[in-house]
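Quantities reported herein were computed from a predicted structural model and do not represent experimental measurements. Chain naming here is simple, since letters A, B, ... match the order of the sequence lines and numbering starts at 1 in each.
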2 protein chains.
Amino acid sequence: MSPYDPSAFPPFAVTVDLVVLTVRSHALCTLVVRRGEAPFQGRWALPGGFVRDDEDLGAAAARELAEETGLCAHDPSAPQPVPDNGAHLEQLATYGAPERDPRMRVVSVAHLALAPDLPAPRPGGDAHSARWAPVEELLDQARAAGSDSPDALAFDHAQILSDGVERARSKIEYSSLATAFCPPEFTVGELRRVYEAVWGVSLDPRNFHRKVTGTPGFLVPTGGTTTRQGGRPAQLFRAGGATLLNPPMLRPEV
Amino acid sequence: MSPYDPSAFPPFAVTVDLVVLTVRSHALCTLVVRRGEAPFQGRWALPGGFVRDDEDLGAAAARELAEETGLCAHDPSAPQPVPDNGAHLEQLATYGAPERDPRMRVVSVAHLALAPDLPAPRPGGDAHSARWAPVEELLDQARAAGSDSPDALAFDHAQILSDGVERARSKIEYSSLATAFCPPEFTVGELRRVYEAVWGVSLDPRNFHRKVTGTPGFLVPTGGTTTRQGGRPAQLFRAGGATLLNPPMLRPEV
DNA sequence: TCAAAAGTGTTACGCTTACACCCATGG
DNA sequence: CCATGGGTGTAAGCGTAACACTTTTGA
């Protein structure tokens, strides 16, 4: 390792940016906030902010998440799990191209959060506006119009969003993470519609049902039933302890 | 996003640390260097160093890798691939606990590099010593003796190493990444021994052969053969263009 | 009574596994 | 000639895909 020289290291700002995903009316959506100042004033951006002086990266991400959504994040790497009234939160990747922020050298540690459908983005302590935007829309804009379009996300946030969506899409294949998009109690059909929204495909309801109920520890029946989706009453389940899905859920091609 | 205040952001040092993995005599090994100064003086650590003022994170990692090993890294995310006489390099994760370096606030963007068996760790421009250490040894020490043992890795490097090894172990399941551990031309048996060393298991040579040769685009025969492993001459292959292995290579349990 | 969603049964097919067997070389 | 590793053939078993069919509700 090159010798440290505490007096000569180049100073960086370190931020966290959040890709907060949820499923709303059959579409995968992400939380974006309107920028109130330059650069990229008036453009949409991922929520985020500076890491504080004495704060761990995951803690900063959880704090930002709570500020923006009121969610209490469940951090799998935390010593003891917080009461799980909240979202899944994990580190995604770190972005630090020298010119990604025109004002100064900023390294952003992006995090990925998965949340159940929330009532509405609360305006938050800050006065800026926020909304849930379908990710297809945002990514299509970035591809079609380029990053200079006024509808495109600020900074390199289109890339970060794209990486976050890809992570979520692949991770629900082999883990029980899709349950993070569901309320505490949910039906097999609701869980299936999550997969369908995240992957953008249709799944066979019968085979899906067998797959998830046949995997030990994935789903735990609560005993209750619901008809909130119409049709025959469906059993309610809670997410089981199993976090890995083996063999994985197969994502149909095309 | 909280408003930026360029004059008030908390300053961080940003470094890259490298988990460089290779397979040497049937064991997964990683490159460690001896620390010449406090803290953790005399302890082994992962190679790494400061990110420069105008340098991207991946570029910093590639530079450190070249300094330590002479390898020219192949960065999949680079605009144009560099001539692939070198290793696979990818970002692993970022570590930024407030007290991870006792002297100052340091955020380290860890990278994972996979390299073919190299002649020997060159002493490098720096005068410190370096060696290839079997990862089992290092991780066992961390588990058994704790991080204060004089044989344990410095800082949180045991955690970083553990995460890197886990990434490599899972990624060779569904990608052609294991070929990064092999020389440019290699046999099916050599590739199988890579899987066996990384996973610490035995694989059936016959079924392995069928699996890798039957996956289109994974291996390309060069026409040559070799008997360097003894026995019947084996066909030589180069890594094909396919980067994803579908269906994945199954890792036998225990 | 009908539409809609939840579930169960059944068959065909693909892939993995386990193992028998043959091939080509060096010592 | 025999040990060593390379490579092919084959049958059993598991898991998925596809789809026919029954169940239970609300409108």
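Between D/dG5 and B/R206, no contact under 4.0 Å exists linking OP1 or OP2 to a side-chain N or O. The shortest distance between the side-chain N/O atoms of B/H209 and the OP1/OP2 oxygens of D/dG7 is below 4.0 Å. Under 4.0 angstrom from either OP1 or OP2 of D/dG15 there lies no side-chain N or O belonging to A/K211. The shortest distance between the side-chain N/O atoms of A/R193 and the OP1/OP2 oxygens of C/dA6 is below 4.0 Å.
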Side chain to side chain contact (heavy atoms under 4.5 Å, CB included) evaluation trace for B/F181 with B/L191: CA-CA 8 Å; B/F181 286 115; B/L191 182 61; over 6 Å; no

Side chain to side chain contact (heavy atoms under 4.5 Å, CB included) assessment of B/F186 paired with B/T179: CA-CA 9 Å; B/F186 53 90; B/T179 58; 3.8 Å; yes

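Within a heavy-atom distance below 4.0 Å of DNA chain D, no residue of residues 214-230 of chain A is found.
Atom CG of A/L18 sits about 8.0 Å away from atom CG of A/L46, to the nearest 0.5 Å. The CG atom of A/L57 sits 7.5 Å away from atom OG1 of A/T94, with the distance rounded to the nearest 0.5 Å. Distance CD1/A/I160 to CG/A/D17: 5.0 Å, rounded to 0.5 Å.
The distance from atom CZ of A/F237 to atom C1' of C/dA6 is 11 Å, rounded to the nearest whole Å. In this entry the distance linking CG of B/N207 with C1' of D/dT10 reads 11 Å, nearest Å. Distance, B/L203 CG to D/dG6 P: 13 Å, rounded to whole Å. D/dG6 atom P lies 12 Å from atom CG of B/D204, rounded to whole Å. One atom, CD of B/E253, and another, C1' of C/dT16, lie 13 Å apart when rounded to the nearest Å. Rounded to an integer number of Å, the gap from CG of B/L236 to P of C/dT25 is 14 Å. Taking atom CZ on A/F208 and atom C1' on D/dA18, their separation rounds to 17 Å, with Å as the unit. What separates CG of A/L250 from C1' of C/dG14 is a distance of 12 Å, to the nearest Å.
Over its full length, the helix from C/dT1-D/dA27 to C/dG27-D/dC1 turns its helical axis through 0°, comparing axes from the five pairs at each end and rounding to 10°.
The heavy-atom pair separating B/A168 from B/L21 by the smallest distance is CB-CD1, 3.8 Å.
Taking 3.5 Å as the limit, the base of C/dG26 and the side chain of B/R232 contain no donor-acceptor pair of atoms between them.
For B/Y195 and B/F208, the ring centers sit closer than 6.0 Å to each other.
Map A/G231 and B/T187 each onto its nearest nucleotide of DNA chain D; the residue landing nearer the 5' end is B/T187. Summary of the strand contacts: B/P233 and A/E190 both lie near DNA chain C, and taking for each the nucleotide with the nearest heavy atom, the more 5' one is attributed to A/E190.
Residue B/R143 qualifies as enclosed at atom CZ: its count of foreign heavy atoms under 6.0 Å is above 12.
With distances taken from any side-chain atom of A/R210 to the nucleotides C/dC15, C/dA6, C/dT8, the minimum falls on C/dT8.
There is a side-chain donor-acceptor pair under 3.5 Å between B/H88 and B/E90.
The main-chain N or O of B/A130 is never found under 3.5 Å from a side-chain atom of B/R34 such that the two would form a donor-acceptor pair.
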